[in-house]
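Values in this document were obtained by computation on a predicted structure and should not be read as measured data. Sequence lines set the chain letters: A, B, ... in the order given, protein chains first and strands last, and positions in each chain run from 1.
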Amino acid sequence: MDYSSPNTAKQMHVGHLRSAVIGEAVARLLTFSGARVIRDNHIGDWGTQFGKIIWAYRRHLDAAAFARDPLEEFERLYKVGHAAAEADPAVLKEAQHELVKLQSGDADNLAIWKNIGDASLGAFQQIYDRFGIRFDHTLGESFYNDQVARVYAELTAAGLATVSQGALVVFHPEHPRFATQPFIVRKTDGAANYASTDLATVLYRAEHFHADAVAYVIDSRQSDHCEQLFLTTQKWFTAMGRRAPRLEHVSFGTVTDAAGKPLKTKSGENIKLKELLAEAEERAYTLVSEKSAELPEAERRAIAAVVGVGSVQYADLAQNRSSDYGFAWDKMISLDGNTAAYLLYAVARIHSIFRKTLGASDSNFAGDPACDESLASALETPAELALARKLVKFPDAIQTATAQLRPHFLSLYLYELAGEFSGFYAADKVAVDDPAIRTRRLMLCARTLLMLETGLALLGLRTLQRM
RNA sequence: GCACCUGUAGCUCAACUGGAUAGAGCGCCAGACUACGAAUCUGGAGGUUCGGGGUUCGACUCCCUGCAGGUGCACCA
C-alpha cells in the first residue's frame, strides 16, 4: 500500500487528507480479508526545493522559531529562499550550488537535509497518531537514489527507453496519447525525477517485499502518470523475465469548498491538517458539551477528540472516492444523517443498554449468562427481523468494499445498520421482564455492536462507550 | 487538439460493475420522550437519472453522439 506520501519540509495540509484517510481504510480492509499488507509511506524527501531551503537555512534561520516548530520554520525558509532566488539570479545560482553539494554528498548539507527530514517525520507522526495511522516503512524518494541507474540501464537494454530532446523517455506506440506524450524517466540534466524513483520503487517492492500487488492511493490528477508507470513497468518486467505485481491506482477527487473550488484559506493558502483537526475537535467539543453537559470536562475533551477526527475521516469515507469531495463543517459534525456522530451514537447507546440491563462493565457482557443463546426465543417483531436481515449483510458490504477498494460501500452499510438499530431501539424495548425476549434482543444488540465496532475500526475510526 | 473524471429529488450524495416500484440525509410539512440516551424515531410531499440515438427480455449502469463542469498532457512531485 502506497498512501499518504507527503513531501518533507512542508506541513501536511488538506490536500494530504484523502490519501491518508482512504489509504488507511483500504489497508485495513485488505488486512481484514487476509492479505499481508505492507504500508509504505513514499515520502517526497528529495527534490530541487532543498537547494533553496539550505541556502536560506544558512543565512536566515530563526533559532527560536525552529525550536518552537521546526517544520513551520522550514516552510518559512523555503519561502525566503524562493523569493530571494526569484529576485536575484546570483541567489538562484547559490541555491543550485547548495543542491549540487547535497546531491554529491556534502556532509553539512546532508546534515541540514536530514534535520529537515527528521522534523518533518515527527510532525507527520503527530497527524498520523490522530488518525490511528502507522506505517511499516517510510522509504522516501532519497532511498532510491542509488537504484535509478539500474532502471535506466534496464529500460534502455529492453529497448523501451529512448533519448528525446536530451531526456530519457518511454513512449507507448499502441496508446492513443502515450505514443507521443513521453514518460520522462531521466531529465535532460541527468537528474532523476519522480518517474525514475517510482520505477525504482516498483522494482524494490517486487524484489524486496515480494509484493503481489501495489495499490497507489493518489489524487486522480495523477492518473496519466500512474497509467504510464504501470504500462512501462509491465513491459519492463516482462522484458527482464520478472513477474510484474498487479498495480492499481486507487484514485480520488479533489477536496473542494462550497463553490466547488479547491479548498483554501481566505488568503489562498492550503489549510493545514493540524488546524483542520483542531477545529473539528473544537466543534465536536461544543456539541458534546451541549448534549452531554453532565460529563466531566476531561471526558468531554476525550470524546470530542474521537468524534472530531472521526467525523473528518467518515465524511471522506462515506462518499465514493471517485468524485470531488465538498468539504462542509456543518454536514460533517452534524447530529443527523450519514455522519460519524450518528454511528458513534448508536454504538454508545448499545453500550449503555448493557451497562443498564446487565450492570456489566463495558467489555465483558459477551460472557454474561443473560446473553446465553439457548435462553432466547425466535425473532418476531418487524423491527427485530429488519435488523437481523441487515446484520447478515455485513460480509457482502465488506466484500464489495474490498473488491473495489471503495470504503464507502462499508460506510453506507454501517449507516443503514445503525438506522435499523435505531428503528429497533425505538420500537422494541430491550430491558423487558420476559427472559426469552430480553435475551434475543440483547443478542441483536451484541451482534449489532460487533458489526458496528468492527466496521468502524476497518474504516480507521475509534469508537466510544459514552458520548 | 487528445485523454480521463463528473452530471441522479431544491441541496449533498447512494444505487453492491445489466435486474423487480431509482434510495438516504439536509431542508420543508405532520407526529412521537411518566420505556433501556430525543445526538433518536414514525409518516408525508418531492424524479423525463444532462439531451439524442443504439444494444438488451430488461439500462442510472454498456456502445455511439452532443452539451455542461472539472482535471491532465516535456523534464515540480
Chemist: With a 4.0 Å cut-off, would you call A:Glu420 and A:Arg447 a salt bridge?
Modeler: no
Chemist: Considering only B:A15, B:U12, B:A3, which nucleotide approaches the side chain of A:Asn320 most closely?
Modeler: B:A15
Chemist: How many Å lie between CZ on A:Phe183 and P on B:G72, as a whole number?
Modeler: 18 Å
Chemist: What protein N or O atoms touch nucleotides 33-38 of chain B N or O atoms at under 3.5 angstrom, if any, and at what distances?
Modeler:
unit_1 : atom_1 : unit_2   : atom_2 : d
B:C36  : O2     : A:Val430 : N      : 3.4
B:C36  : O2     : A:Ala431 : N      : 3.2
B:C36  : N3     : A:Val430 : N      : 2.9
B:C36  : N4     : A:Tyr425 : O      : 2.7
B:C36  : N4     : A:Asp428 : O      : 3.2
B:G37  : OP1    : A:Ser352 : OG     : 2.7
B:G37  : OP2    : A:Lys356 : NZ     : 2.4
B:G37  : O2'    : A:Tyr345 : OH     : 2.8
B:G37  : O2'    : A:Arg349 : NH1    : 3.4
B:G37  : N7     : A:Ser352 : OG     : 3.2
B:G37  : O6     : A:Met467 : N      : 3.2
B:G37  : N1     : A:Met467 : O      : 2.8
B:G37  : N2     : A:Met467 : O      : 3.3
B:A38  : OP2    : A:Arg349 : NH1    : 3.1

Chemist: Would you mind reading off the distance between A:Tyr325 atom OH and B:G69 atom P, rounded to a whole angstrom?
Modeler: 26 Å
Chemist: Is the A:Tyr194 to A:His42 ring centre distance short of 6.0 Å?
Modeler: no
Chemist: Distance alone, cut at 3.5 Å: any donor-acceptor contact between the side chains of A:Asn193 and A:Ser196?
Modeler: yes
Chemist: Would you mind reading off the distance between A:Glu86 atom CD and B:C76 atom P, rounded to a whole angstrom?
Modeler: 14 Å
Chemist: Rounding to a whole Å, what distance do you find between A:Phe252:CZ and B:U6:P?
Modeler: 15 Å
Chemist: Between the side-chain atoms of A:Thr188 and the base atoms of B:C75, is any donor-acceptor pair under 3.5 Å?
Modeler: yes
Chemist: How many whole angstroms separate atom CG of A:Leu417 from atom P of B:G25?
Modeler: 16 Å
Chemist: What interatomic distance, in whole Å, is found between C1' of B:C75 and the corresponding atom of B:C16?
Modeler: 43 Å
Chemist: Go nucleotide by nucleotide along RNA chain B from the 5' end; which of A:Phe171 and A:Thr197 gets its closest nucleotide reached first?
Modeler: A:Phe171
Chemist: Going by the side-chain contact (heavy atoms from CB on, under 4.5 Å) test, name the single residue among A:Asp2, A:Val217, A:Val250 that passes it with A:Ser19.
Modeler: A:Val217
Chemist: Check whether any side-chain nitrogen or oxygen of A:Tyr342 sits under 4.0 Å from OP1 or OP2 of B:C41, and answer yes or no.
Modeler: yes
Chemist: Give a yes or no on whether the ring-centroid distance for A:Phe230 and A:Tyr216 is below 6.0 angstrom.
Modeler: yes
Chemist: Using atom C1' of each nucleotide, how far apart are B:U48 and B:C33 to the nearest Å?
Modeler: 44 Å
Chemist: Please tell me which of the listed nucleotides, B:A77, B:U6, B:G25, lies nearest to the side chain of A:Tyr415?
Modeler: B:G25
Chemist: Reading RNA chain B from 5' onward, which residue's closest nucleotide shows up sooner: A:Lys331 or A:Asp219?
Modeler: A:Lys331
Chemist: With a 4.0 Å cut-off on heavy atoms, is A:His408 in touch with a base, just the backbone sugar-phosphate, or nothing at all?
Modeler: sugar-phosphate
Chemist: Are a donor atom and an acceptor atom from the side chains of A:Ser322 and A:Arg406 found within less than 3.5 Å of each other?
Modeler: yes
Chemist: Given the structure, check if the side chain of A:Ser164 and the base of B:A74 hold any donor-acceptor pair shorter than 3.5 Å.
Modeler: yes
Chemist: Can you tell me how far P in B:C11 sits from the matching atom in B:G47, rounded to whole Å?
Modeler: 13 Å
Chemist: Of the nucleotides B:A14, B:A77, B:A39, which has the atom closest to the A:Gln319 side chain?
Modeler: B:A14
Chemist: When all nucleic acid strands are considered with a 4.0 Å heavy-atom cut-off, which category describes A:Ser322: base, sugar-phosphate, or nothing?
Modeler: sugar-phosphate
Chemist: Sticking with atom P, work out how far B:U65 lies from B:C4, rounded to a whole angstrom.
Modeler: 11 Å
Chemist: Provide, to the nearest angstrom, the distance between the CD atom belonging to A:Glu420 and the P atom belonging to B:C41.
Modeler: 11 Å
Chemist: If the C1' atom of B:G54 is compared with that of B:A45, how far apart are they to the nearest Å?
Modeler: 37 Å
Chemist: For A:Asp189, which contact category applies under a 4.0 Å heavy-atom criterion: base, sugar-phosphate, or nothing?
Modeler: nothing
Chemist: A:Glu98: what forms a side-chain contact (heavy atoms from CB on, under 4.5 Å) with it, not counting sequence neighbours?
Modeler: A:Ile54, A:Trp55, A:Arg58, A:Arg59, A:Lys101, A:Asn109
Chemist: Students often get this wrong, so: under 4.0 angstrom with heavy atoms, is A:Leu412 touching a base, only sugar-phosphate, or nothing?
Modeler: sugar-phosphate
Chemist: Rounded to whole angstrom, note down the C1' distance from B:G37 over to B:G18.
Modeler: 45 Å
Chemist: Taking the minimum atom-to-atom distance to the side chain of A:Ala341, which one of B:C41, B:A39, B:C2 wins?
Modeler: B:A39
Chemist: Syn or anti for B:C11, taking syn as within 90° of 0?
Modeler: anti
Chemist: Out of curiosity, A:Thr463 OG1 to A:Ile350 CD1, how far, rounded to the nearest 0.5 Å?
Modeler: 10.5 Å
Chemist: Do A:Asp428 and A:Thr381 meet the criterion of a side-chain donor-acceptor pair at a distance under 3.5 Å?
Modeler: yes
Chemist: Salt bridge between A:Glu384 and A:Arg389, side-chain N to carboxylate O under 4.0 Å?
Modeler: no
Chemist: If you measure from the P atom in B:G70 to the same atom in B:C13, how many Å do you get, rounded?
Modeler: 16 Å
Chemist: For Watson-Crick and G-U wobble pairs within 3.5 Å on both distances, what is RNA chain B written in dot-bracket notation, | included for inter-strand pairing?
Modeler: (((((((..((((.....[...)))).(((((.......))))).....(((((..]....))))))))))))....
Chemist: Tell me what A:Gly44 touches on the nucleic acid: a base, only sugar-phosphate, or nothing, going by heavy atoms under 4.0 Å.
Modeler: nothing
Chemist: Is there a side-chain contact between A:Ser323 and the phosphate of B:A14, meaning an N or O under 4.0 Å from OP1 or OP2?
Modeler: yes
Chemist: Are A:Asp434 and A:Arg438 close enough for a salt bridge, meaning some N to O gap below 4.0 Å?
Modeler: no
Chemist: Can you tell me if A:Arg355 uses its side chain to pair, donor with acceptor, with the backbone of A:Gln465 under 3.5 Å?
Modeler: yes
Chemist: Rounded to the nearest Å, what distance is computed from the CG atom of residue A:Asp324 to the P atom of nucleotide B:C13?
Modeler: 9 Å
Chemist: Just call it for A:Gln181: base, sugar-phosphate, or nothing, with non-hydrogen atoms closer than 4.0 Å on any strand.
Modeler: sugar-phosphate
Chemist: Once you round it to whole Å, what is the distance between C1' of B:U71 and NE2 of A:His225?
Modeler: 16 Å
Chemist: What nucleic acid atoms does A:Asp396 come within less than 4.0 Å of, heavy atoms only: base, sugar-phosphate, or nothing?
Modeler: nothing
Chemist: When you compare B:A59 with B:A22, how far apart are their C1' atoms, in angstrom units rounded to a whole number?
Modeler: 12 Å
